[in-house]
Amino acid sequence: PPSSRILGTGSYLPARRVTNQDLADQLARDGIETSDDWIVERTGIRARHFAADGETTSDLALPAARAALDAAGLTADEIDLIIVATSTPDMVFPSTACLLQQKLGIAGCAAFDVQAVCSGFVYALSVADAMIRTGAACKALVVGAETFSRILDFKDRTTCVLFGDGAGAVVLGASDAPGLHATELHADGRHADILCTPGTVAGGQVSGVPLLRMDGQAVFKLAVGVLEKVARSVLDKAGVPETDIDWLIPHQANIRIMQGTAKKLRLSLDKLIVTVDEHGNTSAASIPLALDVAVRDGRIQRGHKLMLEGVGGGFTWGAALLTY
Ligand code: ACO
């Protein structure tokens, strides 16, 4: 097939909504000071959702996947590929994609996880697109799902206020009509230490630090530059001028990074889809969550051109240009 296109989108947020004030009150009990004003001003975040105890990444992925299947008018057994982008898998193995497959009540199709932190969804979409173009798959379920609350250090106010839990999904199908025009992925492992969760399991115990660590300013400086460059490169590959972009759907980490990228691409800020205010940074889930919100509220219409772009730990980054 010449192309792959999005047949349906879905998303899911865990029930518990935690406002900045809720979080400030919780941190204050440990003698840590933060405020709604600080968080809103520096990040644009007002609230995030946290999974309940025992609620796993595949639990969040399941309703998002079902909603995407419904929107595509498909049943789960018509799916022949599942890719889950996550850095907070349910367990070391099997993959969250296999656990999701089981929860969907299907068996046999390929299922695997992609781990590229906040760029994970763009990575997963790009892999699914490539597999569809080669004929290795026909209808792919591509999910970004995270429970970052499990790896947050609630004694570190510089990171724990930034992240949330959630899941977003798309069904990507082979298509003769234009869908994904171009994608591009990058990584630079030299920056592994500026954003990491440096723990693992060994000898039956947790070794290292299984909590998120970040040098926020180093991340900020790298993020804006690489996002502009990769977006321009994808536009060039597709032969599409930046003025044709209807919606920019960046990874939702920080409103200042997102607005900075939109300005560099000379896009007006009303073309920017923003959910970071209500979701916080949900890592690999943020782009498909934002996409689904804007599809369901009617902003994104069939035929619109979307620029998706992610950046995150690794360091990884990438972009995808598509016609919805
Ligand atoms: N509440 C109150 N004060 C705080 C908090 C908090 N939650 N966190 C930090 N501060 C304080 C600091 O201690 C510091 O105080 P000091 O001046 O007395 O030392 C002051 O606020 C300023 O801290 P900075 O780190 O300089 O704040 P900055 O303006 O850089 O904002 C932030 C920090 C929001 C993390 C910013 O660097 C940023 O957005 N970085 C990008 C990283 C990001 O978005 N990462 C998301 C994951 S990566 C990704 O998804 C791509």
Side-chain angles (χ1 to χ4, degrees), residues 18-48 85-88 115-123 144 146 148-149 151-166 168 185-188 191-198 211-231 248-261 274-277 279-290 308-319:
V18 178
T19 65
N20 291 344
Q21 192 57 52
D22 295 336
L23 203 52
D25 293 344
Q26 180 191 323
L27 297 188
R29 290 195 282 274
D30 290 324
I32 296 164
E33 197 189 314
T34 189
S35 66
D36 179 49
D37 283 350
W38 192 95
I39 301 169
V40 171
E41 191 196 313
R42 303 288 175 125
T43 71
I45 298 167
R46 295 178 183 278
R48 75 286 293 139
T86 188
S87 299
T88 47
Q115 207 269 51
V117 204
C118 305
S119 314
F121 184 75
V122 174
Y123 264 68
E146 303 277 14
F148 258 55
S149 59
I151 55 168
L152 295 180
D153 181 352
F154 286 97
K155 299 202 158 26
D156 175 11
R157 69 177 180 174
T158 69
T159 55
C160 73
V161 301
L162 302 176
F163 296 88
D165 301 337
L185 306 176
H186 294 278
D188 185 347
H191 302 295
D193 57 344
I194 63 172
L195 178 50
C196 54
T197 298
L211 297 172
L212 186 145
R213 297 283 180 251
M214 179 174 73
D215 176 346
Q217 287 182 4
V219 169
F220 199 106
K221 270 183 214 141
L222 272 172
V224 181
V226 298
L227 285 174
E228 183 197 4
K229 205 166 162 216
V230 74
L248 177 64
I249 312 177
H251 167 51
Q252 310 277 318
N254 180 309
I255 191 72
R256 292 183 301 160
I257 297 180
M258 292 159 60
Q259 290 176 341
T261 316
V274 177
T275 52
V276 72
D277 53 336
H279 298 174
N281 178 348
T282 58
S283 191
S286 91
I287 292 173
L289 261 166
L308 277 44
E309 50 173 23
V311 57
F315 216 64
T316 55
W317 65 101

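In listed order, ligands and their atoms are each counted from 1.
If you take CD on Q252 and OG on S283, they are separated by 12.5 Å, rounding to the nearest 0.5 Å. Interatomic distance, T282 OG1 to F163 CZ, rounded to the nearest 0.5 Å: 10.0 Å. Separating the CG atom in L289 from the CD atom in E146 is a distance of 10.5 Å, to the nearest 0.5 Å.
Residue L162 holds the heavy atom nearest to atom 35 (C) of ligand 1 of all those in V161, L162, I194. Taking all heavy atoms of M214, K221, R42, H251 into account, the minimum distance to atom 50 (O) of ligand 1 is reached by H251.
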For a side-chain hydrogen bond (donor to acceptor under 3.5 Å, both in side chains) check, start with the C-alpha distance between T43 and N254, then their side-chain angles and the critical distance, and finish with the verdict.
CA-CA 5 Å; T43 71; N254 180 309; 5.8 Å; no

side-chain hydrogen bond (donor to acceptor under 3.5 Å, both in side chains) between S35 and D37, worked out:
CA-CA 5 Å; S35 66; D37 283 350; 5.5 Å; no

Please test Q26 against D22 for side-chain hydrogen bond (donor to acceptor under 3.5 Å, both in side chains), starting from the C-alpha separation and ending with a verdict.
CA-CA 6 Å; Q26 180 191 323; D22 295 336; over 6 Å; no

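When only interatomic distances are considered, the shortest N/O to N/O separation between G216 and ligand 1 falls below 3.5 Å. Remark: ligand 1 and R157 share an N or O pair separated by less than 3.5 Å (distance only, no angle test).
Atom numbering of ligand 1 starts at 1 in the shown order; those under 4.0 Å from a heavy atom of N254 are 34 (C), 38 (C), 39 (O), 44 (O). Against a heavy-atom cut-off of under 4.0 Å, V311 is close to the following atoms of ligand 1: 49 (C), 50 (O), 51 (C). Of all atoms in ligand 1, numbered sequentially from 1 with element shown, those under 4.0 Å from a heavy atom of Q217 are 24 (P), 25 (O), 26 (O), 30 (O), 37 (O). For ligand 1, the atoms lying closer than 4.0 Å to a non-hydrogen atom of T43 are 34 (C). Shown in contact with F163 at under 4.0 Å from a heavy atom are these atoms of ligand 1, numbered in order with element: 47 (C). Which parts of ligand 1 touch A253 is read off a 4.0 Å heavy-atom cut-off, strictly below it: atoms 44 (O), 46 (C), 49 (C), 50 (O). For ligand 1, the atoms closer than 4.0 angstrom to any heavy atom of C118 are 49 (C), 50 (O).
By the definition of a contact as any protein heavy atom under 4.0 Å away, atom 16 (P) of ligand 1 is not in contact. The nearest protein heavy atom to atom 13 (O) of ligand 1 is closer than 4.0 Å. Shown here, atom 10 (N) of ligand 1 is in close reach of the protein: a heavy atom of it lies under 4.0 Å off. Closer than 4.0 Å to atom 38 (C) of ligand 1 lies at least one heavy atom of the protein. Atom 32 (C) of ligand 1 lies below 4.0 Å from none of the non-hydrogen atoms of the protein.
Under 4.0 Å from ligand 1, not a single heavy atom of V117 appears. When heavy-atom distances to ligand 1 are checked against a 4.0 Å cut-off, T158 comes that close through both its backbone and its side chain. Under 4.0 Å from ligand 1, heavy atoms of T34 appear from its side chain as well as its backbone.
Under a 3.5 Å cut-off, the side chain of R46 and the backbone N or O of T19 do not form any donor-acceptor pair.
Remark: R213 pairs with D153 by the salt bridge (charged side-chain N to carboxylate O under 4.0 Å, His left out) rule, at least two apart or across chains.
The two residues N281 and H251 have their closest heavy-atom pair at OD1-CE1, 2.9 Å. Nearest heavy atom pair, residue I45 against residue V40, reads O-CG2, 3.5 Å.
The shortest contact between atom 36 (C) of ligand 1 and any protein heavy atom is with R256 NH2, 3.9 Å. Counting only heavy atoms of the protein, atom 48 (S) of ligand 1 lies nearest to L195 CD2, 3.3 Å. Here the heavy atom of the protein found nearest to atom 47 (C) of ligand 1 is N281 ND2, 3.3 Å. What sits closest to atom 20 (C) of ligand 1 on the protein, heavy atoms only, is W38 NE1, 4.3 Å.
Residues F148 and D165 form a side-chain contact, since some pair of their non-hydrogen atoms from C-beta on lies under 4.5 Å apart. Counting heavy atoms from C-beta on, the side chains of L152 and L211 never come closer than 4.5 Å.
Between H186 and W317, the two ring planes are parallel [angle under 30°; tilted spans 30° to 60°].
The shortest separation from a heavy atom of I39 to ligand 1 is not under 4.0 Å, leaving the residue out of contact.
Of the candidates L185, T316, V230, V122 forms a side-chain contact (heavy atoms from CB on, under 4.5 Å) with just one, namely L185.
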